[in-house]
Protein chains: 10
Amino acid sequence: MLYMVDMTVNLPHDMPADRADDIKAREKAYALDLQRQGKWPHIWRVVGEYRNISIFDAADHSELHQLLSQLPLFPYMVIKVTPLCQHPSSLQAQS
Amino acid sequence: MLYMVDMTVNLPHDMPADRADDIKAREKAYALDLQRQGKWPHIWRVVGEYRNISIFDAADHSELHQLLSQLPLFPYMVIKVTPLCQHPSSLQAQS
Amino acid sequence: MLYMVDMTVNLPHDMPADRADDIKAREKAYALDLQRQGKWPHIWRVVGEYRNISIFDAADHSELHQLLSQLPLFPYMVIKVTPLCQHPSSLQAQS
Amino acid sequence: MLYMVDMTVNLPHDMPADRADDIKAREKAYALDLQRQGKWPHIWRVVGEYRNISIFDAADHSELHQLLSQLPLFPYMVIKVTPLCQHPSSLQAQS
Amino acid sequence: MLYMVDMTVNLPHDMPADRADDIKAREKAYALDLQRQGKWPHIWRVVGEYRNISIFDAADHSELHQLLSQLPLFPYMVIKVTPLCQHPSSLQAQS
Amino acid sequence: MLYMVDMTVNLPHDMPADRADDIKAREKAYALDLQRQGKWPHIWRVVGEYRNISIFDAADHSELHQLLSQLPLFPYMVIKVTPLCQHPSSLQAQS
Amino acid sequence: MLYMVDMTVNLPHDMPADRADDIKAREKAYALDLQRQGKWPHIWRVVGEYRNISIFDAADHSELHQLLSQLPLFPYMVIKVTPLCQHPSSLQAQS
Amino acid sequence: MLYMVDMTVNLPHDMPADRADDIKAREKAYALDLQRQGKWPHIWRVVGEYRNISIFDAADHSELHQLLSQLPLFPYMVIKVTPLCQHPSSLQAQS
Amino acid sequence: MLYMVDMTVNLPHDMPADRADDIKAREKAYALDLQRQGKWPHIWRVVGEYRNISIFDAADHSELHQLLSQLPLFPYMVIKVTPLCQHPSSLQAQS
Amino acid sequence: MLYMVDMTVNLPHDMPADRADDIKAREKAYALDLQRQGKWPHIWRVVGEYRNISIFDAADHSELHQLLSQLPLFPYMVIKVTPLCQHPSSLQAQS
């Protein structure tokens, strides 16, 4: 099941640089891992912002919440989830 | 180049059913054609709304505007375009 | 899987009364049917508004969209869907 | 009498972890206690957010305010209360 | 139990004057009746707008919804209900 | 002359408890004094929030601003003032 | 007593031109009359919009509501009233 | 003096096509004329919307309001004007 | 040329009182000076808020930005500028 | 390809002055360099705000994101990007 997830990051300005670097490194490793598992099929950077638009593919709402709440940047993000389904005008819906 | 396009449809309640059906049929044919050309790689229905979230792949801004303004439903939609680029934590960015 | 669905109805003021009555009667029959099937476990009226807050229980996003888009009042409603999951402080999560 | 309560938690990033843990533990115990008393019949996690949607059942507005203002997380939450009543299309309204 | 009710009226510009006058006359009679019964203890005009701020005193949410949904202007109003309770710094709370 | 005043309190989380208690005690004394003088005829708590809805009765705008800006919590509040007048459907307007 | 009044005009597109002209002519005459009486000391056009920012000087809220609700364009305007008082850094406050 | 002007067009769906074409033709001629005069140095289409972002260069506010209010599409547009001045980091400010 | 300027002040709660007093004293002296020069013909306090509505009269946008950016409170204010021009229904426009 | 970029700066009030000066000096040098390269053809100050409206000319979305994310003030800005294309009523579109 697909979900659009819109994530905006707001790191506190007074966070020490090495702590920020550590969180970002863990975030990246985690994101790559979920992509390799097929749980996070798309992640795009929104141009000019510290924000991404992603598509997640999760078995159910609980799994998605688990995946998102374990993001190392989770405490510093504003996240909005939008459930998606097949569009009747998509190629996939024609078969 | 990728763009997220968020489209919400507001058909006037007094539009005759056959006219609405005609516009929707042309919209669907057009959407399928652009998908087959690779210009419109993703289209998803937002659950519970007459709205879609799409990803367009256009050569430049002008082409995207051409593609969108020729949608048969264009006069009845609120459209918002967000430019996207590769995310540094995406699998594609690792190679 | 649970979803909160927030529905606000805006009937055009010039809709003939018998047509409005017919739509509302079909809406009610449909709502009762979905409740009996267990798909729509809760529906509450928001006090002072022509609006309801509902909880739907659907197998997946596609089923929810099917259920909502077949509401007789669907063309006249603003709908917002919020995916819900078990809260760690709920009684159900303690067992 | 039923109320929908929408609670979003914003813990300060500089709160010491043990203090946050203590508040959350007391919040959970309090939430379970109110659920067992039947005052807080539903609590759901909003997917991807540190936020819940709840249904409270209180004797009157004063009791609800007492219940909410004693939440250990109350100083760190944005809360919005919406009064609900029986919907004419609910199963309960048919008898 | 007290509720603040904020009502904004939007009459369609093409409503015939005699029909508007009839609705307003019935609205006024109804408002006076509820005030005499003590259900609607305060009604104030918001200066410069076709809008009022009111305080209702109802036995419960259901009664309030009954009172509001029977307003002759109900189909033409945007209504927002806010539940109120005794303030700890009010004179009434000191006794 | 009547004014609706909507006040939301945002105390900084790092304010020492005794300082907060002192401000709240002075706020309460001041609020009671203005109520006894008839300047602040109504104050209600908004259920679930650290916010009140009040009615002030002041000789003119200047007096109201004096009254509000001397609130001990003034620096920590978001205040919105709405001027009110007699409603033509109020009981008072019928005599 | 001074009030800022922000008025935005939305004339229906299907209003016959002569009816619109008549309303505008009466609006202008009324506005000039109130300016001559000193009730409406300032009126400015907001550049690029069918909207004005005005300062009214009325004896009290009731008078202001009378003045505004008798504007010929009143049914077609969105109006927002903001009460103003002397600023401590104004020249007038120094004497 | 420079102004950013953001214009969004909302043509009524029931406007006859020849009337819409006539207005658009006059709008285009007028826009070209102002560009040739140097009053309207930039006009860009916002991708995916019936909206433009423009820069106007007018002698003063009055002239700008004259220019904008004579746009044939003026009654059908939402316009927002933002005054601009030289930026201290612009090349022009370095000489 | 006239501009409406809406200024809201947000002083940090942890600013030392003597520093705040110093900034406010300089702000007042500066405001009085600009009023005496005729650059700042009106300043009004918005009732109940730490905010003013002002009218500035500047030769051009650059001068206005100079005037505003030199306000001692500038770093602590949210400012919104709205360009104004003569209204066709003003007394001044009749001569 | 053109983009409108709207940048609002929010420097923390407790940033030491020399650090702020250093960031601003690097920002200015960087802005001038991009202007000289033709990547940043327009930058205007929004009157009365610590904000600019800019036009960028970038080869693609990736380049624009690179340019913006390397702004020394990037961590302290709210940025919004709007893709622009040639307007059919522009002089450039007539040839």
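When reading the values below, keep in mind they use all heavy atoms of this one structure, side chains included, and skip hydrogens, waters and symmetry mates. In what follows, chains carry the letters A, B, and so on, assigned in the order in which the sequence lines appear, proteins first and then strands, with residues in each chain numbered from 1.
At least one donor-acceptor pair closer than 3.5 Å links the side chain of I:Asp57 to the backbone N or O of I:Met1. Not a single donor-acceptor pair under 3.5 Å links the side chain of I:Arg45 to the backbone N or O of G:Leu84. No donor-acceptor pair under 3.5 Å is formed between the side chain of G:Gln66 and the backbone N or O of G:Ser62.
Partner I:Asp22 forms a salt bridge (charged side-chain N to carboxylate O under 4.0 Å, His left out) with one of I:Lys24, I:Arg26, I:Arg19 and no other, that one being I:Arg26.
The greatest number of non-hydrogen atom pairs below 4.5 Å with chain G, out of I:Val46, I:Leu2, I:Leu32, is found for I:Leu32. Chain G forms the most heavy-atom pairs under 4.5 Å with one residue out of I:Pro88, I:Gly48, I:Ser54, I:Ala29, and that residue is I:Pro88. For the set G:His42, G:Met4, G:Lys28, G:Arg36, the count of heavy-atom pairs under 4.5 angstrom toward chain I peaks at G:Lys28.
Heavy-atom distances place both the backbone and the side chain of I:Gln35 under 4.5 Å from chain G. For I:Ser90, the parts lying under 4.5 angstrom from a heavy atom of chain G are both the backbone and the side chain. No part of I:Glu27 comes within reach of chain G, as not one of its non-hydrogen atoms sits under 4.5 angstrom from that chain. Only the side chain of I:Ile53 comes within contact range of chain G, with at least one heavy atom under 4.5 Å from a heavy atom of that chain.
Of all non-hydrogen atoms in I:Asp60 and I:Tyr3, the two that sit nearest each other are C-OH, 3.5 Å. Listed here is the closest heavy atom pair of G:Met7 and G:Trp40: CE-CZ2, 3.7 Å.
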